[in-house]
Amino acid sequence: MAGGARLENANPLIFQRSGERLLTATDEDEDVADPFDDREIFDLIRSINDPEHPLSLEELNVVEQMRVNVNNQESTVSVEFTPTIPHCSMATLIGLSIKVKLLRSLPDRFKIDVHITPGTHASEDAVNKQLADKERVAAALENAQLLEVVNQCLSSRGL
Amino acid sequence: MVAVCACAVINWLRFSMAAENSALLGLVEEFVSGQVDSKATETAEGLKNGHFTVLQLVEALGFSLISSQPQTRGRGVQLLSLVLQECYSSLSEKEVEVLLAFYENRLKDHYVITPHVLKGLQALAKCSVLPPGSAVSILKSIFQDVHVQSLMLAERSSVYSILISLMDSREEELKSLGADFIFGFVQSVDGERDPRNLLLAFQVARNIIYRGYDLGKFVEELFEVTSCYFPIDFSPPPNDPHGITQEELVLSLRAVLTGTLQFAEFLLPLLVEKLDSDVQSAKIDSLQTLAACGQIYSHRELGAFLPGLWSSIRREVFQTASERVESAGLSALSSLVSCLSRSVLDSNSEDSLEVFLNLVLKDCRHHLCEPDLKLVWPSARLLQAAAGASYRSSLIMAQLVLPLLLEQYSSSTQVPLFTPPSAYLDPHGTGSPPSSAVLRKESLCSSVFSALSESSAGLQLTASRADVEKAVDHLTRLVLDEEDAQLSSVRRAPAVCGSFGMGLVSPQCGAGELSGSSAGNGGFSVEDVCTVCVGLQRIAQQARDDEEIGRFFHENIIPRLLGLALQAALGSKDSGSCISPLADEAVLFALVPVASTACAALQTQAASSMAAQTVALFLDGDVSFLPENAFPSQVQLLQADSRGPSQLVCLLMACVCSLPRSVEIPELERLLLRLEDLSCSSPHLFSYTHASKCFAALLFSLLSDAELGSEVAEGFRVLMSDSPDVLNRECHADVRIMYRQRFFHENSSKLVQGFNSAEQEKKSHYLKALSHIVNNLPRQVQLTELPALLPLLLEALCCPDQGVQLSTLCCLQPVLLESPAALGSQLEALVSRLLALSSSPAMKVRITSLSCVHALARLPEALVLPFRARVLKALSAPLDDKKRLVRKEAVAARGEWFLLGSPGGR
């Protein structure tokens, strides 16, 4: 993290948070299976904290439900995220947080793909490549400092 | 003379004027000579921005104002007026004074100038700095120099606007003009035809009337000039450009006509005349106007016209086919009556209200008495309207009409005659306080009662449902509300009302039986019966301390209710096809509070006999105390296989469980045994729950009886949670503070002991009972008792019964965090159980166990870190649970456990 240095984007645009998912009758019905859907995946990542601001990724519009895609049958999840500014140096860290959150929260069968919304970041390809590489993700999490930042992003706020 | 005056003004202005302003001159030149209209706005802008003053403008206008061409003069005045319309608020008093003198003078000028002059005056009249006396002089000049009715539409509108502005700001001055002002207005408005202007004119007239201007000798003139538009017949032109509706015109004219008592002598004959009109809207308007009059008129104004008005109203209500005319007629009548009720009587005069009501009744009476069906209802409605108008009128009407109706009813058995009494019940609901009917209440009740219990199907049909509901409602209110007022009659009132309720229930039963043949349209619905039950319960509640009423309930009502319910239950068992509403669960549910409230109020002796009778009925089928004894001799009420009769166990519960505690319940042992049978084996939920509730109420003697198994345990749940039917204060259950703690302390050791000594298959009953008890304990007690109980609770988690699992998890989850020390040694076992339960078949168990696992992650790190790997591994399975709610809990728990012991985590 920038560690006390100046913020890159000191005054970001803040978006409204979506409400809790509404409970339906089928949610309560023991016999009905609920497949994974976009909203469920979105709910997993929308409350991740931004590394720089005391705001969630949803509030910064970094993640949006329309950029989340899940295919329950083929066990694939694809998430696009949009850095607040094209030169954001935190992009990799944000991507990593999303990826880790999904790895911890989804069953093993899912193949998880996290990448930057096309055309929204200067070094889009490099970041995407890093996030897609299992080895590099694993290596990053070995790094205690990096893991600490990621864990802070994933801690539930207000507790 | 004109030019001289204008010159004088300009000379005065020049005196105080600043340097010549060529830009201004250019604007004026272009407007006046160049006919460029847009320059007016520019001039107004310039004035507002302070580029020049209004005086400079007048100076610049100089040449055009004194031109010999009227058109040029008009153009000049027009520019000034247009500018003033924009800028009137910024003028000083001195400027206004000079401008007013100029404008008033211009009114005498050529007619082409007049429109612009009026516009200017309209703007100046809105000034807040109008000099004193100017309002009068403006009006005098207008009334003298202008013939308003020969002006064009827009100019007439200006005149009305000037009047309205001045009335708003200079009321005192205008009043000093006296009747001259009224006369001037009457002259100006005479013959007005445009609806927009009429709205303005009506507003002026309304102001005159409501703000107390002296009408002097012009009352009739003012009335004539406005009333000539009554009744208004206006249809907006196609595409309705001004958005004026007939409604608006009607209402504003009505406000004028009904605004003052001085118009009464002219208005009332006019209304009588217009009521004869063939046009329906005219009739309605007249009736509504009459109703509005009633609000301000007194007897003095109405007196002479009452007979005429009444006969018109009566004719309209009797003859019309239109509901609107009828309802307008009825409200006019009711407004007249309430007006008369207000008038002050002097010692010698007769009561005009009574005279009028007598007149009304005289004309309606023979319609009520002769079974000429057509006019019965209109007459009844007229009487209702008159009676509902005021307290006094309802008293008088009750005295006059009620004996008549009752006599009429009792002397004839024909169906239609039921209707008048039922119609008469209405006014008591709508307008008047119930005491007006006190005198007649008993005979009224009994006649309604006898009408309802009449066996004729036709009569029951007439007593349509709405009537029944209303009647029940009125009567209950009648009886309950007046308790303080008339103590002596109260005693009997509930009895009468009670029997009324019974009357309603019993023909309903008959109807239920009949309905096999007549398709049930004579039947009463479940809602009706429930309404009656609510009424009965309220009576029982109100009369709690009244021994006589208690006895009445004991001797008549409860046996009767039991009998009816039993009859219905047996009937439903036999026939199946047409089930009487009394066999409906909702009705039984409504009967329960009636019986339990009544029984709770019983004196000891009555209570004992009630207990004996009820128990005998339910245990031995002893039906001897029920009325209309036509039951088979051996009724089996507590038998699990029969759906109908076993439902009645709720009534047993109601009667027995609410009796005072001092009352000995006979054959308690046998009763308990039968109840237990029923609650264990009944396939019917309703009977089952009520049997076990009833059972729980008698459970105290059975606490340690291991034989009873899980039903005892269920009983504990009923004991510990709040049930509205049994075991609350009203039912003598002797609820003491902290009874749950006390209960826990007295019995938990017995339970633990029992558990230890019990055979394996019986152990779960104890666990179940225990978890139900612990679950209902206050949090503080749970915490202190937890260490002792934890092993048992862990045991309970292994119990295959999902209810037990859930109940235990629910009581564990909140306390897990609060006393970590107690968990220490048990943590291994706890984690294993919780993880095992996270794959339970029951969704709620999975969710609750996962939230317990989540909670564990908050324990001190040293305690739980050893389990991290195991928990994370075990939690990956529920991540793929088929239920989303389970997955949500799993994600939360697993996330928390991941953070445990990790940098940046917890």
Side-chain angles (χ1 to χ4, degrees), chain A residues 1 20-49 51 70 72 75 77 93 96-97 100-110 112 140-157 159, chain B residues 802-803 805-806 816-817 837-851 853-861 865 868-906:
Chain A
M1 195 166 78
E20 286 294 311
R21 183 182 188 130
L22 293 177
L23 265 188
T24 63
T26 49
D27 282 337
E28 312 266 21
D29 186 345
E30 295 258 14
D31 303 324
V32 181
D34 315 319
F36 282 88
D37 60 13
D38 295 349
R39 174 69 205 244
E40 186 174 354
I41 305 299
F42 179 63
D43 277 339
L44 289 175
I45 58 174
R46 69 189 176 99
S47 57
I48 295 177
N49 306 325
V70 63
N72 192 46
S75 298
V77 172
L93 195 56
L96 193 62
S97 300
V100 171
K101 175 71 184 185
L102 293 178
L103 284 171
R104 289 180 182 176
S105 308
L106 289 177
D108 292 340
R109 64 183 168 97
F110 278 98
I112 298 162
L141 293 181
E142 297 286 311
N143 178 331
Q145 260 187 322
L146 213 46
L147 182 60
E148 186 181 343
V149 182
V150 169
N151 274 340
Q152 274 163 355
C153 291
L154 299 188
S155 307
S156 42
R157 236 184 303 140
L159 285 171
Chain B
Q802 289 173 355
Q805 292 171 354
L806 191 60
L816 275 181
L817 297 175
L837 286 179
S838 72
S839 56
S840 152
M843 170 176 156
K844 280 193 175 141
V845 174
R846 296 205 296 278
I847 292 176
T848 328
S849 63
L850 285 168
S851 83
V853 173
H854 186 173
L856 285 181
R858 303 273 168 79
L859 287 175
E861 193 176 309
L865 196 56
R868 183 175 188 262
R870 187 170 143 204
V871 171
L872 288 179
K873 186 155 183 281
L875 286 185
S876 64
L879 287 183
D880 211 4
D881 197 285
K882 70 172 180 176
K883 295 307 296 173
R884 186 172 295 123
L885 292 174
V886 179
R887 296 200 293 265
K888 199 175 156 200
E889 280 305 326
V891 165
R894 196 163 191 258
E896 210 60 30
W897 277 86
F898 254 112
L899 294 176
L900 195 73
S902 180
R906 227 166 291 270

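In what follows, chains are A, B, ... by sequence order, proteins preceding strands, each numbered from 1.
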Practice task
Could you tell me which portion of B:Ala892 (side chain, backbone, both or neither) has an atom closer than 4.5 angstrom to a non-hydrogen atom of chain A?
Solution key: neither
Problem - Heavy-atom contact with chain B under 4.5 Å, split by part of A:Leu103 - result: backbone
Problem - Atom pair NZ (A:Lys101) and CZ (B:Phe898), whose distance is rounded to the nearest 0.5 Å - result: 10.5 Å
Fill in the blank from the handout: Okay, A:Val150 and chain B: the region with an atom under 4.5 Å from a heavy atom over there is neither
Exercise for the section: With a 4.5 angstrom heavy-atom cut-off, could you sort out which part of B:Arg894 is near chain A: side chain, backbone, both or neither? Expected result: side chain
Exercise for the section: Give the member of A:Gln145, A:Glu30, A:Glu28 that has the highest number of heavy-atom pairs under 4.5 Å with chain B. Expected result: A:Glu30
Problem - Backbone of B:Leu899 reached by a side-chain donor or acceptor of A:Asn151 within 3.5 Å - result: no
Completion exercise
Most heavy-atom pairs under 4.5 Å with chain B, out of A:Leu154, A:Asp108, A:Asp43, A:Asp27, belong to A:Asp27
Problem - Separation of B:Arg884 CZ from A:Thr26 OG1 (nearest 0.5 Å) - result: 7.5 Å
Exercise for the section: Going by the side-chain contact (heavy atoms from CB on, under 4.5 Å) test, name the single residue among A:Asp34, A:Leu44, A:Leu106 that passes it with B:Arg887. Expected result: A:Asp34
Problem - Minimal non-hydrogen separation, B:Leu879 against A:Phe36, with atom names - result: O-CZ, 3.4 Å
Completion exercise
Okay, B:Pro841 and chain A: the region with an atom under 4.5 Å from a heavy atom over there is backbone
Problem - Within-4.5 Å side-chain heavy-atom neighbours: A:Val32 and B:Lys883 - result: yes
Handout entry: Engaged part of B:Lys888 at the chain A interface, taking heavy atoms whose separation is under 4.5 Å
Key = side chain
Practice task
Answer with side chain, backbone, both or neither: which region of A:Asp31 has an atom nearer than 4.5 Å to a non-hydrogen atom of chain B?
Solution key: backbone
